[in-house]
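Just so it is clear: chains get the letters A, B, ... in the order the sequence lines come, proteins before strands, and each one is counted from 1. Source: prediction; values computed, not measured.
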2 protein chains.
Amino acid sequence: MSEGLKKARTRFVSTWGEMASQWGINKTMARVHALLMASDAALSVDEIMAALSISRGNASMNLRALTDWGLVRRVSVGSERREYFQSEKDVWNMCCRIARERKKREIEPVIGALEECLREAGDGKESEAFRKRTAELLELVRTLDFVLGKLAQQEKNAVMPRVLTLLKAMS
Amino acid sequence: MSEGLKKARTRFVSTWGEMASQWGINKTMARVHALLMASDAALSVDEIMAALSISRGNASMNLRALTDWGLVRRVSVGSERREYFQSEKDVWNMCCRIARERKKREIEPVIGALEECLREAGDGKESEAFRKRTAELLELVRTLDFVLGKLAQQEKNAVMPRVLTLLKAMS
DNA sequence: TCATACTTTCAATATATTCTGAAAGTATGA
DNA sequence: TCATACTTTCAGAATATATTGAAAGTATGA
């Protein structure tokens, strides 16, 4: 493999890792994901361990997390016992899956907690300002939830193109 | 203050903190932000320190970060020397500011890095698959950047209502 | 059923991030 | 200018998070 391509792959893997850690995702999980995205063939655990210099346990945990997120699939190659892994290659599908998971894991619990805040605050004059602010925030989070839900709805996403058309028309 | 309201505020502050740490934001920064959002009056550093049981240095650093993000303002109260802090109260404005900052700090550097990957990969047959995938990802990230840019453009946001109308029509 | 070839788990360890608090810095008004 | 009343900084300490690797678990096919 050419030097340039090697460097480019390395940059790709570490860029994805850096980005992920700014968004609350484990850096190694993102590096594994990036490695699989950058690789045409499916990779075995041993290949992944070697490429990223990580332990078997670490690789196993992060591959499990990535399959839970629906970003990576296990595949069998020929008659081999060993399992191989490959990433979802369609970037829009990938985006949908991430949207779906973060909605479920993070946004929905926040909605529940904010609703609980409103209930707890009671209905006195004293808590009026707090209730108002909490209610506005709740509305905002619900809107975000709705948008993410739409984004996550379709595999071949039909929503984005239309949103983009609208946004571009507003320029 | 009623017990219920006290509990509700505490829940509000810790919910915001938990959520933030899942999104790559310092938990204390988010708790300070939540405290100010939940409070009608502007608060002094000492009040914030007491409410969250944090040190002066920690409070100072996080207030600085919040003002850099444009989420919190310093205000003077009467003729006092001491400074007070209050949060942006409009949740849509808040959302715009966050979008603007994350676009600038995180999305734009990733676009640069992906462009560099494409350049480094060269144009041989060997790197074709890698280039294709990187280019698709770059397009996705650019789209996200564009959408965030639109969202961040206006103070009183005119974009969201129209996007929502479109999405609701697609239900 | 058993030996084999693999995967997963988790306690101990390493690493990264955040927090503290005292010292340094800064602005105000007398 | 100086004393004062505050704010900021940053090295070291505390805490939280991620990683290792050996032991336990599991599936396969002979």
Side-chain angles (χ1 to χ4, degrees), chain A residues 13-36 42-69 71-86 105-106, chain B residues 13-36 42-69 71-86 105-106:
Chain A
V13 168
S14 69
T15 299
W16 215 236
E18 290 305 322
M19 190 184 72
S21 57
Q22 284 175 322
W23 288 87
I25 288 162
N26 183 303
K27 183 184 277 186
T28 301
M29 176 170 156
R31 292 201 305 146
V32 173
H33 186 211
L35 180 68
L36 290 171
L43 300 180
S44 69
V45 175
D46 292 80
E47 286 167 322
I48 293 166
M49 287 165 61
L52 303 179
S53 308
I54 60 174
S55 72
R56 189 170 294 285
N58 197 4
S60 173
M61 300 264 261
N62 283 299
L63 284 165
R64 155 71 93 106
L66 284 165
T67 48
D68 286 350
W69 276 68
L71 296 171
V72 161
R73 277 188 304 276
R74 323 175 80 88
V75 292
S76 299
V77 170
S79 60
E80 270 192 277
R81 178 105 137 240
R82 183 196 308 240
E83 300 199 85
Y84 286 77
F85 296 86
Q86 68 182 17
R105 296 174 191 218
E106 293 152 25
Chain B
V13 168
S14 69
T15 299
W16 214 238
E18 290 306 322
M19 189 183 73
S21 58
Q22 284 174 323
W23 289 88
I25 286 164
N26 183 302
K27 184 184 278 187
T28 301
M29 176 169 155
R31 291 201 305 145
V32 172
H33 185 212
L35 180 68
L36 290 172
L43 300 179
S44 69
V45 174
D46 292 78
E47 287 167 323
I48 294 167
M49 286 165 61
L52 303 179
S53 308
I54 59 174
S55 71
R56 189 169 294 283
N58 197 3
S60 173
M61 302 264 261
N62 282 299
L63 284 165
R64 155 72 94 107
L66 284 165
T67 48
D68 287 351
W69 276 68
L71 296 171
V72 161
R73 277 188 304 278
R74 322 174 81 88
V75 291
S76 300
V77 171
S79 60
E80 272 192 275
R81 179 103 139 242
R82 184 197 308 239
E83 300 199 84
Y84 285 79
F85 295 87
Q86 69 182 17
R105 297 173 190 218
E106 293 151 27

Can you tell if the side chain of [X] reaches within under 4.5 Å of the side chain of [Y], non-hydrogen atoms only?
X: A:Met49; Y: A:Arg56; value: yes
X: B:Val45; Y: B:Glu83; value: no
X: A:Leu71; Y: A:Leu36; value: no
X: B:Trp69; Y: B:His33; value: no

Any side-chain N or O of [X] under 4.0 Å from OP1/OP2 of [N]?
X: A:Arg82; N: D:dT28; answer: no
X: A:Asn58; N: D:dG21; answer: no
X: A:Thr28; N: D:dT19; answer: yes

Quick one, A:Tyr84 with A:Arg74, criterion side chain to side chain contact (heavy atoms under 4.5 Å, CB included). Give me CA distance, side-chain angles, the key distance, then yes/no. CA-CA 6 Å; A:Tyr84 286 77; A:Arg74 323 175 80 88; over 6 Å; no
For A:Ser60 and for A:Ser21, locate the closest nucleotide of DNA chain C by heavy-atom distance; then report the residue assigned to the nucleotide nearer the 5' terminus.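 Its nucleotide being nearer the 5' end, the pick is A:Ser60.
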Select from A:Arg64 and A:Lys27 the residue whose nearest nucleotide in DNA chain C is closer to the 5' end of that strand.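 Its nearest nucleotide lies further toward 5', so the answer is A:Arg64.
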For the pair made of CE in B:Met49 and P in C:dA22, what is the distance, rounded to whole Å?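 Computing the B:Met49:CE to C:dA22:P distance gives 11 Å.
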Measure from CG on A:Leu63 to P on C:dT9 and round the result to the nearest Å.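 To the nearest whole Å, that distance equals 12 Å.
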Given [options], the nucleotide with the shortest approach to the side chain of [X]:
X: B:Arg74; options: D:dT9, C:dT18, D:dT7; answer: D:dT7
X: B:Ser55; options: C:dG21, D:dT20, D:dA18; answer: C:dG21
X: B:Ile54; options: D:dT8, C:dT20, C:dC19; answer: C:dT20
X: A:Arg56; options: C:dT8, D:dT8, D:dA18; answer: C:dT8
X: A:Met61; options: C:dC10, D:dA18, D:dC6; answer: C:dC10

Residues in salt bridge (Lys or Arg N to Asp or Glu O under 4.0 Å) with A:Glu47, at least two apart?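 Counting only residues at least two positions away or on another chain, A:Glu47 forms no salt bridge (Lys or Arg N to Asp or Glu O under 4.0 Å).
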Under 3.5 Å for both distances, Watson-Crick or G-U wobble, that's the pair rule; now give the dot-bracket for DNA chain C, with | marking pairs to another strand and [ ] for crossing ones. ||||||||||||||||||||||||||||||
